[in-house]
A.B. asks: 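Structure in structure tokens, see below.
We count ligands from 1, going down the list as the structure has it; atoms in each ligand are counted the same way.
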Amino acid sequence: MDTPQKLSPTTIFLHWIIALTMIALTTIGFYMALDHIYALYDWHKALGVIIFAFILVRVWWRIKNRWPVPVRQYPPLEHRLAHIMHWVLIISTVLMPISGMMMSGIGGHGIHIFGWSLVPENLDPTTGEAIAFNLTLSQLGEETHEILGYIFAVAIVLHAVGAIKHHIIDKDRTLRRMIGH
Ligand code: HEM
Ligand code: HEM
């Protein structure tokens with residue numbers, strides 16, 4: 001269980017494995033979308049689907065345990081901002097993989113996890129181009145993935161700056177507690 005003094009190993013493990021993977025996927029995602037580096041697509045998709053399993057466990061863990069209680073009383077505005085950011089982050093962790101799977105899977109591009117085909121491609125036999133199983137849903141996934149990608153990138157920066165402010169300026173235990181100290 002999480003307490004104001006100590007966070008459980010489950011909270012800490014899930015926070016960091018998801019945080020690091022999501023940061024990596026965001027970086028790879030923007031890079032591959034800008035330069036269309038197709039070698040990265042299968043890695044990005046596979047890692048995104050795998051981390052989704054951890055994300056679902058984390059959501060269940062949060063529902064069961066509620067949000068961690070702050071380490072001390074901070075000004076209400078600061079507390080509110082941090083809380084909104086936690087919601088933006090956790091919702092993004094759910095919607096980024098779902099929208100990605102909609103774009104690729106329903107879009108007919110296929111999803112493969114290291115050789116295992118989760119969703120097959122749907123290719124036009126003459127042109128070899130992907131044909132969407134449902135164009136509206138795949139486009140909705142694509143738009144969501146792109147717009148939320150930007151929102152998520154901004155949210156990570158604000159969240160990390162907040163954590164560093166707690167550590168350096170307020171000198172409280174917020175960051176140390178998330179590292180397990
Ligand atoms: C789980 C966390 C994920 C994160 C944080 C993430 C992040 C991103 C970002 C920031 C981009 C660049 C923005 C864009 O143009 O869309 C991107 C692109 C992309 N993502 Fe993800 N992604 C995730 C999961 C997935 C999954 C599960 C799939 C598919 C199964 C996927 C498929 C793609 C594809 C195909 C692109 C390239 C779109 C293009 O070429 O325009 N992503 N991702
Ligand atoms: C360098 C990057 C990061 C740092 C330094 C950091 C640090 C922290 C700290 C110190 C807390 C505890 C806040 C408190 O006690 O009120 C926290 C909570 C949280 N962080 Fe991060 N974080 C980072 C990246 C991320 C990323 C990328 C995500 C989303 C994928 C994320 C999602 C969350 C969420 C949802 C919480 C609420 C508690 C929980 O569900 O575990 N963090 N973070």
A.B. asks: I need the nearest protein heavy-atom contact for atom 12 (C) of ligand 2: residue, atom name and distance, please.
C.D. replies: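 Ranked first by proximity to atom 12 (C) of ligand 2 is Met178 CE, 4.0 Å.
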
A.B. asks: Is Arg58 near ligand 2, meaning one of its heavy atoms is under 4.0 Å from it?
C.D. replies: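 Checking ligand 2 against Arg58, which is what was asked, there is a heavy-atom contact under 4.0 Å.
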
A.B. asks: Could you report the tightest heavy-atom contact between Pro70 and Pro4, atom names first, then the distance?
C.D. replies: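 It is O-CB, 4.3 Å.
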
A.B. asks: In terms of hydrophobic clusters joined by side-chain contacts under 4.5 Å, are Tyr31 and Tyr150 together?
C.D. replies: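 As far as the 4.5 Å side-chain criterion goes, Tyr150 and Tyr31 are not connected within one cluster.
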
A.B. asks: Considering the heavy atoms of His36, write down every atom of ligand 1 situated less than 4.0 Å from one of them.
C.D. replies: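 Atoms satisfying the 4.0 Å criterion: 40 (O).
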
A.B. asks: Would you say the side chain of Met178 lies within less than 4.5 Å of the side chain of Trp16, judging by non-hydrogen atoms?
C.D. replies: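 Trp16 vs Met178: side chains touch.
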
A.B. asks: Among all the protein's non-hydrogen atoms, which is closest to atom 36 (C) of ligand 1, and how far away is it?
C.D. replies: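 Atom 36 (C) of ligand 1 sits closest to the protein heavy atom Met32 CE, 3.4 Å.
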
A.B. asks: Name the closest protein heavy atom to atom 40 (O) of ligand 1, giving the residue it belongs to and the distance to 0.1 Å.
C.D. replies: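 Protein heavy atom with the smallest distance to atom 40 (O) of ligand 1: Tyr41 OH, 2.6 Å.
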
A.B. asks: I'd like to check whether Trp16 has a polar contact with ligand 2, where a contact means an N/O of the residue lying under 3.5 Å from an N/O of the ligand.
C.D. replies: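 No: no nitrogen or oxygen of Trp16 is under 3.5 Å from one in ligand 2.
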
A.B. asks: Between Arg62 and Asp2, is the salt bridge (Lys or Arg N to Asp or Glu O under 4.0 Å) condition met? List the steps.
C.D. replies: CA-CA 10 Å; Arg62 277 285 139 263; Asp2 297 332; 3.7 Å; yes

A.B. asks: Among the clusters formed by ILVMFWY side chains lying less than 4.5 Å apart, do Leu56 and Met102 turn up in the same one?
C.D. replies: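 Linked within one cluster.
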
A.B. asks: Enumerate the atoms of ligand 2 whose separation from the nearest heavy atom of Ala19 is less than 4.0 angstrom.
C.D. replies: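 Atoms satisfying the 4.0 Å criterion: 24 (C), 25 (C), 26 (C), 27 (C).
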
A.B. asks: Just need the protein heavy atom nearest to atom 30 (C) of ligand 2, so name the residue and atom and give the distance.
C.D. replies: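 So the nearest neighbour among protein heavy atoms is Thr93 CG2, 3.4 Å.
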
A.B. asks: Have a look at ligand 2 and work out which part of Thr174, if any, has a heavy atom under 4.0 Å from it: side chain, backbone, both or neither.
C.D. replies: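 Within the 4.0 Å criterion, Thr174 contacts ligand 2 through backbone and side-chain atoms alike.
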
A.B. asks: So, at under 2.8 Å, which protein N, O or S atoms would a careful student list around atom 21 (Fe) of ligand 1?
C.D. replies: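 Within the sphere that stays under 2.8 Å of atom 21 (Fe) of ligand 1, the protein atoms of type N, O or S are His44 NE2, His145 NE2.
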
A.B. asks: Could an N or O of ligand 2 be found under 3.5 Å from any N or O of His159, whether backbone or side chain?
C.D. replies: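 Among all N and O atoms of His159, at least one is under 3.5 Å from an N or O of ligand 2.
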
A.B. asks: Out of curiosity, does Met103 fall in the hydrophobic cluster containing Ile37 (side-chain heavy atoms, cut-off under 4.5 Å, transitive links)?
C.D. replies: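 Per the 4.5 Å side-chain linkage, Ile37 and Met103 are not co-clustered.
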
A.B. asks: Report, in ascending order of atom number, the atoms of ligand 1 lying under 4.0 Å from any heavy atom of Thr26.
C.D. replies: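 Taking each heavy atom of Thr26 in turn, ligand 1 has 5 (C), 10 (C) under 4.0 Å.
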
A.B. asks: Looking at ligand 2, would Tyr74 count as a contact under a 4.0 Å heavy-atom criterion?
C.D. replies: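 Tyr74 counts as a contact of ligand 2 under the 4.0 Å cut-off.
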
A.B. asks: Touching ligand 2 at all, Trp67? Heavy atoms, strictly under 4.0 Å?
C.D. replies: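 It does, in that a heavy atom of Trp67 comes within the 4.0 Å cut-off of ligand 2.
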
A.B. asks: Is there a continuous path of hydrophobic side-chain contacts, each under 4.5 Å between heavy atoms, that joins Phe30 to Ile51?
C.D. replies: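 No; tracing contacts between hydrophobic side chains, which count when under 4.5 Å, never links both residues.
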
A.B. asks: Please evaluate residues Tyr74 and His166 with respect to the criterion ring pair (Phe, Tyr, Trp, His ring centres under 6.0 Å), reporting the C-alpha separation (whole Å), side-chain torsions for both, the decisive distance (0.1 Å), and the verdict.
C.D. replies: CA-CA 10 Å; Tyr74 353 119; His166 276 288; 4.7 Å; yes

A.B. asks: Identify the protein heavy atom lying closest to atom 1 (C) of ligand 2, giving its residue, its atom name and the separation to 0.1 Å.
C.D. replies: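 Checking every protein heavy atom, the shortest distance to atom 1 (C) of ligand 2 gives Ala160 CB, 4.2 Å.
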
A.B. asks: Where's the contact between Trp61 and ligand 2, heavy-atom distance under 4.0 Å: side chain, backbone, both or neither?
C.D. replies: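 No part of Trp61 comes within reach of ligand 2.
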
A.B. asks: Hey, is ligand 2 close enough to His86 that some N/O pair sits below 3.5 Å?
C.D. replies: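 No, His86 has no N/O under 3.5 Å of an N/O on ligand 2.
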
A.B. asks: Looking only at protein heavy atoms, identify the closest one to atom 15 (O) of ligand 1 and say how far it is in Å.
C.D. replies: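 Of every protein heavy atom, Ala33 CB, 3.4 Å lies nearest to atom 15 (O) of ligand 1.
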
A.B. asks: Test your reading of the structure: does Arg62 have an N or O sitting under 3.5 Å from an N or O of ligand 2?
C.D. replies: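 N/O-N/O distance under 3.5 Å: yes.
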
A.B. asks: Given side chains that start at C-beta, do those of Arg177 and Lys6 come closer than 4.5 Å, heavy atoms only?
C.D. replies: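 Counting from C-beta outward, Arg177 and Lys6 never come under 4.5 Å.
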
A.B. asks: Less than 4.5 Å apart, any side-chain heavy atom of Val49 and any of Ile111?
C.D. replies: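 The answer is yes; the side chains approach within 4.5 Å.
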
A.B. asks: Does a side chain donor of either Glu121 or His112 reach within less than 3.5 Å of an acceptor in the other side chain?
C.D. replies: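 The criterion, which ignores hydrogens and geometry beyond distance, is satisfied for His112 and Glu121.
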
A.B. asks: Looking at Trp67, I'd like to know if its CH2 atom is crowded, meaning that more than 12 non-hydrogen atoms belonging to other residues, nucleotides or ligands lie closer than 6.0 Å.
C.D. replies: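 Yes, enclosed.
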
A.B. asks: In terms of heavy-atom contacts, does CZ of Arg80 have more than 12 from other residues, nucleotides or ligands at under 6.0 Å?
C.D. replies: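 Counting neighbours around CZ of Arg80, 12 or fewer heavy atoms of other residues, nucleotides or ligands fall under 6.0 Å, so no.
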
A.B. asks: Counting non-hydrogen protein atoms only, what is the nearest one to atom 35 (C) of ligand 1? Give residue, atom name and distance.
C.D. replies: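 Looking at atom 35 (C) of ligand 1, the protein heavy atom closest to it is Ser104 OG, 3.6 Å.
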
A.B. asks: With a 4.0 Å cut-off on heavy atoms, does Glu142 reach ligand 1?
C.D. replies: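 So Glu142 does not count as touching ligand 1.
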
A.B. asks: Considering only heavy atoms from C-beta outward, does the side chain of Leu118 approach that of Trp116 to under 4.5 Å?
C.D. replies: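 Yes, their side chains come closer than 4.5 Å.
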
A.B. asks: Hey, is His166 touching ligand 2 through its side chain, its backbone, both or neither, going by heavy atoms under 4.0 Å?
C.D. replies: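 For His166, no heavy atom sits under 4.0 Å from ligand 2.
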
A.B. asks: Let me see the working for Asp170 and Glu78 under side chain to side chain contact (heavy atoms under 4.5 Å, CB included), right down to the final yes or no.
C.D. replies: CA-CA 12 Å; Asp170 304 334; Glu78 201 182 322; 3.9 Å; yes

A.B. asks: Answer with yes or no whether the side chains of Thr11 and Trp61 bring together a donor and an acceptor at under 3.5 Å.
C.D. replies: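 Looking only at side-chain atoms, Thr11 and Trp61 do form a donor-acceptor pair, the distance falling under 3.5 Å.
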
A.B. asks: Is Arg177 close to ligand 2, meaning an N/O of one under 3.5 Å from an N/O of the other?
C.D. replies: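 Min N/O separation from ligand 2 is below 3.5 Å for Arg177.
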
A.B. asks: Using a 4.5 Å cut-off on heavy atoms from C-beta on, say whether the side chain of His15 contacts that of Arg58.
C.D. replies: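 Yes. Closest side-chain heavy atoms under 4.5 Å.
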
